[in-house]
Amino acid sequence: MTKLVVPSRLFPSVPNTATFCMFYSLPPAMIQFLVKNDPMQPVVQDLPQKQFPSDKCNRSFQTAWFWKQLLGSRNVLRDWLSYSISNDNLY
């Protein structure tokens, strides 16, 4: 998967997708940028340690959460879901 990279020339103060939730309203240019780009959905190979971080209960993020299984065993990508590697949060 391709990581979402915010063009610094347009949004110099936005380091990653986790920061977007801190805005009360987004500028129109940022909304257009987000709509045109895919969500940040990294796979294990994209991570520095080749694994998602674990919490104190040894739980970690699972890439299967990007998918929803429908009736008839049909899988659909949750294309609205984004994961922040730096914050270890799902948005």
Side-chain angles (χ1 to χ4, degrees):
M1 288 279 164
T2 305
K3 294 180 183 176
L4 177 62
V5 178
V6 178
S8 58
R9 62 181 164 49
L10 295 176
F11 311 107
S13 63
V14 181
N16 65 44
T17 56
T19 309
F20 295 140
C21 67
M22 298 170 64
F23 288 103
Y24 289 105
S25 64
L26 297 175
M30 188 178 287
I31 292 171
Q32 289 176 354
F33 173 79
L34 292 171
V35 168
K36 287 181 183 179
N37 292 281
D38 293 331
M40 184 172 194
Q41 295 187 345
V43 292
V44 174
Q45 292 80 6
D46 294 334
L47 304 172
Q49 288 105 14
K50 304 297 181 208
Q51 64 183 17
F52 288 97
S54 297
D55 66 7
K56 61 184 177 183
C57 297
N58 205 28
R59 297 176 301 179
S60 64
F61 177 76
Q62 304 297 312
T63 56
W65 297 341
F66 291 135
W67 296 88
K68 177 172 179 72
Q69 188 172 17
L70 301 177
L71 295 174
S73 299
R74 184 172 154 231
N75 291 323
V76 176
L77 180 65
R78 293 177 170 140
D79 57 3
W80 50 268
L81 203 55
S82 287
Y83 174 81
S84 168
I85 295 173
S86 62
N87 290 358
D88 188 28
N89 282 320
L90 197 59
Y91 300 94

Worksheet item: So, the side chain of Asp88 versus the backbone of Ile85: is there a donor-acceptor pair under 3.5 Å, distance only?
Response: no
Worksheet entry | Straight-line distance of Trp67 CH2 to Leu81 CG, nearest 0.5 Å | 12.0 Å
Item to complete: Indicate the atoms forming the closest heavy-atom contact of Val44 with Gln51, along with that distance.
Response: CG1-N, 3.9 Å
Practice prompt. Taking all non-hydrogen atoms of both residues into account, name the closest pair between Phe66 and Leu90 and its distance.
Written response: CE2-CD1, 4.3 Å
Item to complete: Give every residue pair that meets the side-chain hydrogen bond (donor to acceptor under 3.5 Å, both in side chains) criterion with at least one member in residues 68-81, sequence neighbours excluded.
Response: none
Worksheet item: Is a side-chain N or O of Ser82 found less than 3.5 angstrom from the main chain of Met40, in a donor-acceptor match?
Response: yes
Worksheet item: So which residues get pulled into Leu70's cluster when ILVMFWY side chains under 4.5 Å apart are joined, directly or through others?
Response: Val76
Fill in: Heavy-atom check, side chain of Tyr83 versus side chain of Tyr91, under 4.5 Å
no
Practice prompt. Only pairs at least two apart or in different chains count here, so list each salt bridge (Lys or Arg N to Asp or Glu O under 4.0 Å) that has a residue in residues 49-67.
Written response: Asp55-Arg59
Worksheet entry | Residues which pass side chain to side chain contact (heavy atoms under 4.5 Å, CB included) with Gln62, listed by chain and number, not counting sequence neighbours | Ser60, Trp65
Practice prompt. Please report the closest heavy-atom contact between Thr63 and Pro42, naming both atoms and the distance.
Written response: CG2-O, 3.7 Å
